[in-house]
Each structure stands twice: as structure tokens, then as C-alpha cells.
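Have a look at the structure below before the remarks.
Numbering of ligands and ligand atoms starts at 1, following listing order. Being a predicted model, the structure only gives us computed values, none of them experimental. Nothing fancy with the numbering, it's 1 onward along the sequence.
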Amino acid sequence: MKKIQMVDLKSQYDFIQPQVNKAIEEVMTNTAFINGPAVHEFQADLEAYLGVKHVIPCANGTDALQIALMGLKLEPGDEVITADFTFAATVEVISLLKLTPILVDVDPKTFNIDPEAIVAAITPRTKAIIPVHLFGQVADMEQINAIAKKHDLFVIEDNAQGIGASYTHKDGRKAKTGTLSNVAATSFFPSKNLGAYGDAGAIFTNDDELAHFIRGIVNHGMYKRYYHDVVGVNSRLDSIQAAILRIKLQYLDYYNERRKEAAIQYTNLLQNHPNIITPYREGDCDSHVFHQYTLRIINHDRDGLVKFLNENEIPCGVYYPVPLHQQKAYLDPEIDTSKFPVTNKLVNEVISLPMHSELSIDQIEFISQKIKAYLD
Ligand SMILES: *Cc1c(COP(=O)(O)O)cnc(C)c1O
């Protein structure tokens, strides 16, 4: 059996090496390192794949979130509601822009922001909601959008972990994540479902005016060369990364299918165990692209399991070990931690198993058997 890896970027590269190397070589030859044809081609391909009017490439996923928020022209002190259980980048950009992050609890089944908790957190200062499609599972967008409409709020999807997932509306209509809100941000960090070979990100929107505004923000606030209309940033996707992403985009559905197959195999082996809750799945599970395959370990020693797996050369991760409301940087001394019963519990129960497009059935069987051996 091959050595088990949390993500296996090397095997993935081996499979597409000739194509990727050729694409990189083209950029080296045409020397259009910044804003070259590869960037425009990737942008157009991604717009077509997602069915969205505008993709605005940028330097990384954190920038994408920040720029999306800047595009909405919020004022300092405006409140932005997001999940207590997510990667810190989501809340970091809210704070950086001097907006006020309002953290709310999540749903124990999906790990995603709880619409009821959103409603309870709305005040006259609330301006936006940032749902995160955590671990690749789509948030409850229909309900979130209904709340936003009722209270006149913006919705910004953090799609860093959800690219390629589709959401089925109650009337049967399907749409890709990242196209279900005013504006969305994504990351192409190497380990994401669509990963570059370095940092990269993008913003998506169907709003022409917002897209135009954001295209200026990413480029020093310029709409005409050397005329700076707003305070912008410098956040570019470089041409080499775009050329690589363009190749990998052709495989995204295949990669996500492989992840789903691995997830189903894990679930078949691990479900119905008294100490394990396997990830929630909706219907045929096209709403989940398994950026992570995350179990809840209940009435048992999660940290002991992590140690045991590592001793058996099985990598695993705890995403995330601390609720955001308890992180030093975002600590509000007045906050009532009993408002976060689900996150407070999840941080002690979750464990993410190796998940990537190259996992083999014998690896999944080995991992599952070791987990059960520890728990039994
Ligand atoms: C990875 C990630 C980001 C940040 O992306 P970077 O490209 O690393 O800046 C933001 N939000 C979530 C949920 C992520 O997983």
C-alpha cells in the first residue's frame, strides 16, 4: 500500500504533468507573466464552468474575501454575520476593514452557519452575511437568501472549500456554489479542490456594476491607467498559476467525483458505530464536494484517536480546534460563550481524515479499520 497522505498533490501532478508543463512553458516563452492571455482564458473558462457572468481573479482567497467586502462599500462599524466554526480568514477580513464581525453558531449536522442563529443576531447595523460552504458542504442558501432579502442584507459566499458543488433549489433548479449570492470569494490554495501550485484566488458575481467596481479595486483603484478613483489593493493572479489552473479546471468534476467516491467508501465502513457520526449527506450528495471528510467522535477520546492514527502513519487533521469567538485576536470579553453550544462541542469532536482524488480503497479500508480498532 502506498504511504497515506492527507492530500496527494504529487500523484495528481504525475497524471497531468505533460499538459501542465506545456502550459507553464508557454507562459515562460510569451513572458506575459502578469495579466497574460492565460489569466483571461482561465477567467473565461471558469465563468463558463460556473455559469456566472464575472470571475475576477486575484492573488489568494483571503484577498478575494476582503475585496468582495470592499466592493460592497460598507462603513466602519457595520455588522457582518458569519460562522463561529470556520477558517479564521473569513472573520479576519471583516476585522481588517474595521467592520464588526458577529459570530453565530452552526448546525451540528452540516457544520454550516445556522439560519436561526443568523436571524437572532440581526440588528439595525447588520449589513451582510458570509456563509462558508464548510468542508465542501453547501450552506442552506435558500433560507439564508430569504433572510437577507427580508432584512435587506448582502450575502457573500466563502466558497474556498466548496468549488464545483451544486446546490439544488426547492423547485429543482441547480446552480453552482459561488453563484448563489451577491458576490463570492474562492481560494485556489494548493490543497483546495481546485488548487494552484502557489497562491491564487478569485471573486465571482453576476452583478455587472459590482464586477466593474471590483476590477478596479484589485488594480490599485484604477479604471483608467494612472487615474486612481478609489483606494484599492494590488491583488493579481499570476499567469503561470492561471495556466496551471486552466488545465486543472478540466479535471475538477473528476476530482470531486473521486472525493465523493472516497467519502461514500469511508461512510460505508464507518457508519452505525456508536462513537462515530459520519458526514451528513443530502440525497445523491451533489451538494457536497468533500474538501474534508470530517467525522464527529462522540463519547470517546478524539485527541487519543489523533495520536493513535499518527502513530500508525495515518495523517489526520482537526479543523478547527478553537471556536473563532475564543481566538485571542477576536476575543470579545463581553461575549456569552453559551451562545455557541454547537461550535463549543464540535471543536472537541471533529477529526478530518485523508481526503483527495488519489485515495485507494485499500487505504480507506486500512484507515477505517484502525479507527474502529482504537474506538472498540
Ligand atoms: C483557504 C480558505 C480561505 C483563504 O484562502 P487563502 O487562499 O489561503 O487566502 C478562506 N476561507 C476558507 C473557508 C478557506 O478554507
Exercise. Any side-chain heavy-atom pair from Val7 and Met355 closer than 4.5 angstrom?
Worked result: no
For this session: Around atom 11 (N) of ligand 1, find the nearest protein heavy atom and jot down its residue, atom name and distance.
Result: Asp158 OD2, 2.8 Å
Problem set entry | Heavy-atom nearest neighbour in the protein, as seen from atom 1 (C) of ligand 1, with distance rounded to 0.1 Å | Lys192 NZ, 1.5 Å
Exercise. Short list, please: which atoms of ligand 1 are under 4.0 Å from a heavy atom of Val132?
Worked result: 13 (C)
Problem set entry | Option whose closest heavy atom lies nearest to atom 7 (O) of ligand 1, chosen from Ala202, Ser187, Gly201, Pro190 | Ser187
Exercise. Is a donor on one side and an acceptor on the other found under 3.5 Å between the side chain of Asn256 and the backbone of Ile163?
Worked result: yes
Exercise. Between His300 and Tyr374, is the gap from one ring center to the other below 6.0 Å?
Worked result: yes
For this session: Can you label the angle between the His325 ring and the Phe340 ring as parallel, tilted or perpendicular, going by 30° and 60°?
Result: parallel
Exercise. Is there a side-chain contact between Leu353 and Tyr266 (heavy atoms, below 4.5 Å)?
Worked result: yes
Exercise. Is it the side chain (CB and beyond), the backbone, both or neither of Asn60 that lies under 4.0 Å from ligand 1, heavy atoms counted?
Worked result: both
Exercise. Looking only at distance, does Leu65 have an N or O less than 3.5 Å from an N or O of ligand 1?
Worked result: no
Problem set entry | Heavy-atom nearest neighbour in the protein, as seen from atom 15 (O) of ligand 1, with distance rounded to 0.1 Å | Gln161 NE2, 2.8 Å
Exercise. Which class fits the ring pair Phe135 and Phe85: parallel under 30°, tilted 30 to 60°, perpendicular over 60°?
Worked result: perpendicular
Exercise. If you measure every N/O of Thr62 against every N/O of ligand 1, is any gap under 3.5 Å?
Worked result: yes
